[in-house]
Number of protein chains: 2
Amino acid sequence: MTDRILSNIAKHIQLSEEETIVFTSLVVRKTVTKKTLILQADEDCRYLYYVHSGALRSYYIDKDGKESTIMFAIADWWITDMYCFLNRKPAMTYLETIEESTIFQISRPNFDLLLETVPKFERFFRILMQNAYTREQLRVMENLSLTAEERYHSFVRKYPQIARQVTKKQIASYLGITPEFLSTLRKPEI
Amino acid sequence: MTDRILSNIAKHIQLSEEETIVFTSLVVRKTVTKKTLILQADEDCRYLYYVHSGALRSYYIDKDGKESTIMFAIADWWITDMYCFLNRKPAMTYLETIEESTIFQISRPNFDLLLETVPKFERFFRILMQNAYTREQLRVMENLSLTAEERYHSFVRKYPQIARQVTKKQIASYLGITPEFLSTLRKPEI
DNA sequence: CAAATAACTTAAGGTACCTTAAGAGGGTGT
DNA sequence: ACACCCTCTTAAGGTACCTTAAGTTATTTG
């Protein structure tokens with residue numbers, strides 16, 4: 001059951017048998033039905049999540065009530081409201097399951113304990129954060145330089161599996177356009 | 001001369017005397033005149049930079065020749081084309097000095113060596129990457145939910161010093177709007 | 001210090017994308 | 001099996017922001 005999360009970690013660091021036991025003792029597995037809110041804005045963001053199976057979405061609701069999708073996480077992705085998890089601030093975003101999902105969660109105290117007792121994880125999370133950072137930076141670049149249509153095609157090319165698992169409305173809110181406009185963009189093709 | 005970069009590091013990790021010596025032996029100080037291109041697209045991105053004084057700007061030029069500012073870095077910031085530095089890919093972005101600047105550069109081999117010989121730096125760069133990631137994520141959120149005018153005010157509020165050091169045109173290209181439109185936004189006030 | 005160059009502004013006309021509305025199709029729950 | 005709700009689509013009218021152009025003020029350069 002922990003195979004997938006352990007091989008995710010093994011992509012970047014090698015754990016001894018004892019270190020593996022420490023790690024697995026600090027994470028908790030959970031299965032959550034579809035459309036469950038795992039985190040709500042203004043709540044304390046207590047966990048970092050690894051998606052074993054299923055799909056999650058984090059989104060922001062602005063002062064006008066408009067929803068913007070921050071990120072999707074399908075199998076083998078990590079997700080949470082990172083700023084609030086790391087800085088002990090109330091969450092700014094919502095996190096919900098798109099479909100029934102099995103996740104592993106690490107609480108903040110356990111996250112700190114993990115980094116203390118197995119410092120190798122500093123390296124693991126450095127690489128995770130590095131990748132997340134460069135991915136977000138690329139997204140900013142695309143938002144600044146591409147049209148809505150180009151961003152849609154880039155999204156589908158980059159994340160074909162996610163494009164299949166989520167609704168058009170959710171993709172539109174990730175791209176920063178209305179579902180109506182996405183619909184007109186998609187019409188010409190096929 | 002290395003005081004500022006060392007106290008930047010001391011914000012997150014404590015170095016012994018020997019570790020400090022290792023670190024300073026791996027970085028090189030440079031003073032660069034204004035408007036110097038430190039990195040160009042398609043070049044190999046060989047260095048990570050810390051800004052001791054002055055100001056740098058990284059930008060992207062898209063297929064239509066339009067320039068988008070990725071980030072500014074003033075005193076005490078780290079900057080490079082992170083994706084290309086870490087993944088040994090040709091640079092996607094340009095990096096230039098806005099004014100005469102003193103920087104410290106770390107080459108890729110020295111960066112790897114630093115992480116190997118002083119593993120504490122894994123923690124330092126984890127925190128650096130974490131902060132960069134959450135900052136970019138907030139920028140994506142603002143790009144998706146705020147109007148151009150709101151983004152401009154948010155930028156000035158968040159980075160008052162940068163707003164003073166760079167041109168309006170550069171701010172416009174960071175916000176994803178034209179200088180002409182920024183000008184009309186600024187007119188009503190004062 | 002002049003001359004060139006770049007930054008900033010103003011304004012008119014244009015376009016990418018939004019808002020509102022309404023209808024068709026597909027799940028979901030009772 | 002019906003009603004309900006949500007997604008997706010289409011279309012008409014609206015707006016935020018762009019393009020082009022031209023003038024003014026800084027800043028750089030010879």
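Keep in mind the model is a prediction, meaning the values are calculated, not measured. Every heavy atom of this structure was used, including side-chain atoms; hydrogens, water molecules and symmetry mates were not. In what follows, chains carry the letters A, B, and so on, assigned in the order in which the sequence lines appear, proteins first and then strands, with residues in each chain numbered from 1.
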Indicate whether any N or O donor in one side chain lies under 3.5 Å from an N or O acceptor in the other, for B/Tyr152 and B/Arg186. yes
Testing D/dC17, D/dC8, C/dC8 for proximity to the side chain of A/Thr167, the answer is D/dC8
Within this structure, what is the CG-to-C1' distance between B/Asp62 and D/dC18, rounded to whole angstrom? 14 Å
Determine the contact category for B/Lys66: base if any of its heavy atoms lies under 4.0 Å from a base atom, sugar-phosphate if only primed atoms, P, OP1 or OP2 are that close, otherwise nothing. nothing
Among D/dT10, C/dT10, D/dT28, which nucleotide has an atom closest to any side-chain atom of B/Lys35? D/dT28
Can you tell me how far apart CD (A/Glu142) and CD (A/Glu150) are? Round to the nearest 0.5 Å. 9.5 Å
DNA chain D: B/Glu180 or A/Glu180, which has the more 5' nearest nucleotide? A/Glu180
Would you indicate what A/Thr178 reaches in the nucleic acid, counting non-hydrogen atoms under 4.0 angstrom: base, sugar-phosphate, or nothing? base
Taking the minimum atom-to-atom distance to the side chain of B/Arg151, which one of D/dC17, C/dA11, C/dA21 wins? D/dC17
With a 4.0 Å cutoff (strictly under), does any side-chain N or O of B/Arg186 reach OP1 or OP2 of C/dT9? yes
Are A/Met92 and A/Leu48 linked, directly or through other ILVMFWY residues, by side chains that come within less than 4.5 angstrom of each other? no
Distance below 4.0 Å between A/Lys169 side-chain N/O and D/dT7 OP1 or OP2: yes
Could you tell me the separation between the CD atom of A/Gln170 and the C1' atom of D/dC8, rounded to a whole number of Å? 13 Å
Take atom CG of B/Leu175 and atom P of D/dC17, then tell me their distance rounded to the nearest Å. 11 Å
Between D/dC18, D/dT10, D/dT7, spot the one nearest the side chain of B/Phe181, thanks. D/dC18
Of the candidates D/dC17, C/dC17, C/dA11, the side chain of B/Ala148 sits closest to D/dC17
Classify A/Lys34 by what it touches in the nucleic acid, base, sugar-phosphate, or nothing, heavy-atom distance under 4.0 Å. sugar-phosphate
Aromatic ring proximity, centroids under 6.0 angstrom, B/Phe104 and B/Tyr49: no
